[in-house]
Amino acid sequence: MVVRSYRIRGIVQGVGFRPFVHRLASQYQLKGWILNDSDGVLLEVEGKKDDINKFISDINEKHPTIAKVDSIEEIETDSKVGLYKDFVIRNSVQKEETKTLIPPDTFVCKDCIKELFDKNNRRYHYPFINCTNCGPRYTIIEEMPYDRVGTTMKKFEMCPQCKREYEDINNRRYHAQPNACPVCGPQLELLNKVGEKVEIEDIVDFCKEQLLEGKILAVKSIGGFHLVANALDDVTVKRLRALKKRDSKPFALMMNDVNTVKKYMEVSEAEADILASYQRPIVLLKKKGNLLPNSIAPNNPSFGVMLPSAPLHYLLLDDEKIDALIMTSGNISGEPIVFKNDHALDKLHPIADYFLINNRDIHIRVDDSIVRCVKGNVGTLVRRARGFAPYPIKVSKKLNRIFAFGSELKSTIALSKENEVFISQHIGDVKNDEIFNSLLKCKNHLEKLLSIEPNAVVCDLHPSFRSSNYARQQEDLPVIQVQHHHAHMASCMAENNLDEKVIGVILDGTGYGMDGTIWGGEFLLGDYKEFKRVGKLRGLFLLGGDKAVKEPIRIGFNILYEVFKEKMFDYDLPIYKHLSDQEKKVYYRMSEKKINAFETSSMGRLFDGISAILGICHKIEYEGQAAIELEGILNREFDILNPFNYEIVEESEMYILDYKPIIVEIVNLLISNKENISTISRKFHSTIADAIGKIVKKISVKTGVSSVVLSGGVFMNEYLLTNAISKLENEGFKVYFHKQVPTNDGGISLGQIMIANSNMEEY
Ligand code: ZN
Ligand code: ZN
Ligand code: FE
């Protein structure tokens, strides 16, 4: 017999961890105690050596789904054998500083689903059922430690039955903070278009009828409102598009289970696992035939599908006739997702026919997360939000306490402490006032919850990014400014635990460069501390600046000018049909005299330009649309074709990828009608993958560096990512790409922290 003491760190509070350990201890007949403190869990056990070893390995392997064990460390103890009579849960000890992780929101567990549909259960059809293994967390937590009084559930007093469950160590609801039942907990309410209460016996049944009749519902979910409609009803989907003023941005779908998803989509094993994971993200899946209306995601080979994340979703989908629901974020274009009842009425009344609300408040808005599996098996986060935030990314370094403001468009913020970076949920385009305010709110909230007082802040180098301006003007702390693509590179290094010199292939939309021009097709050489630009895409010009980002036709036009100059109109190209004579004249002059024309090396813009030249997309409705549609026609098939001609020029110690020969070939194919658009797109994609391989090889030969990181929004392009990885790996490089944080600007805040940290003195 021995006595041993352990410290366990990770997500071990509010997730049913102590009852689990308690049960395990009795199984091995161990005596002793366990308690929560602000460092995690502390544990002392007395028993046979072998049993204790098995007990510890069981903790590692069999812990509750949403718990996360980061480390189990044996610590010294003076206790002697014979001290304990049984195993007990001791009272929590709260140290001053909170170190325990905030649990993210999670799915509805199997046990709760069973009760939800059990007519004899007191929570039958109760839409707020949860237990220690499941339910809302981050979205309802107002303050730490995570206790009922620190959540939006504090206004509901538990009935005697719920209280008994809550206090019973052997109950699945022991210390389940959001525990509730129909007697004491939150309730649904249905409002009509003008906000009047609809008095009805069974609200959910009524809603299902309305959905089948083609009505649109605003439904309060976990992190905010969804606009919900019957996805099989093309007329309603189109009506929703018209009302939301959104012609082409894909709508997400919700289906009841993996088998239903398989009816409509191609689902790999890895994708099925991610669909059913407790985070319940939207997974981008390839369409199977045309069983669902194309209007859900026009010009796109994929649909985004998720499984239910709230009990209410299960109830709404519990009908043979409802196979798939549209579940798109409840917001007005450009604005954040609505998460309060009164705002929902205010903002969404022109769209929704009914409002399915409830009185459990959401404290902080969190969007749905989006995951895409690269080649069907490697999950990569496209948007990191519900289910993942605010769980930290572990890095291999001890970090200063730093706050990062992130980027501008797909912004996230981040806070660092020790070897962890806490990245916020996706916040969005901070040019919008409301979104910027929610960024500031999220900043305060996270600083408080995590009790991190930063001693420096970091922002993007861009002179006119809103958050950067705010940082420079408002912050009393030292403000470190970081180049955008260096941050992309550092972000990818950090999540892959790299701390060495790397070659960064950063293909992106827009980022402010060290020379004051807009970068985005960059080959960087460096580490966290510094970098050198060793390669780039030949410049093209944005006619009218930001206008050109919204109207790729301007970029296509400028590219043709850069290649052919006054001969550009000798070719009868489809792109010209979409321009008036006046526009042609103006764009020509802008290109020729470089009036209101801004140079950029952006690879994203080259993709936009090609998309316009091929007649695929001239004007965009959502970010990246032109490039997404250019890739879309490849139909998620990854075979590579012979590349077009291209040139790599060496100029002032940089390799410059010259796109001009590519354009000449594309134009020749277009006018000769020899190849279809899809083949031209595939050849273009193949060319860029080939060029990445060649340029990286040249840099590596010169420098001896052989680790390559791929980052930037253009690597959202699955074809390019997949083929760049194979090209580089075939050449013997070690290749790293994003999985845990987005390759787009959602990953910038992580990179900013790493760079700022390396440029600060040790604390
Ligand atoms: Zn549960
Ligand atoms: Zn109750
Ligand atoms: Fe970027």
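Counting starts at 1 for both ligands and their atoms, in listed order. Any value given below was found using the heavy atoms of this structure, including those in side chains, with hydrogens, waters and symmetry copies removed.
Look at H485 and the Fe ion (ligand 3): no N/O/S atom of the residue is under 2.8 Å from the metal.
Both the sub-6.0 Å distance and the 45° axial angle are not jointly satisfied by K114 relative to the ring of F117. Taking the centre and axis of the six-membered ring of F523, the NZ or CZ atom of K536 falls outside the cone set by 45° and 6.0 Å.
Rounding to 10 degrees gives 110° for the angle at the Zn ion (ligand 1) between SG of C109 and SG of C112. Here the angle centred on the Zn ion (ligand 2), running from SG of C159 over to SG of C181, is 100°, rounded to 10°. The Zn ion (ligand 1) forms the vertex of an angle spanning SG of C131 and SG of C134; to the nearest 10 degrees it equals 120°.
Ring centroid separation for the pair H486 and F531 comes in under the 6.0 Å cut-off. Remark: aromatic rings of Y166 and H175 are close, center separation under 6.0 Å. In this structure, the ring of Y391 has its center no less than 6.0 angstrom from the ring center of F422.
Closest N/O/S atom of D745 to the Fe ion (ligand 3): OD1. When you scan the N, O or S atoms of D508 for the one nearest the Fe ion (ligand 3), you land on OD2.
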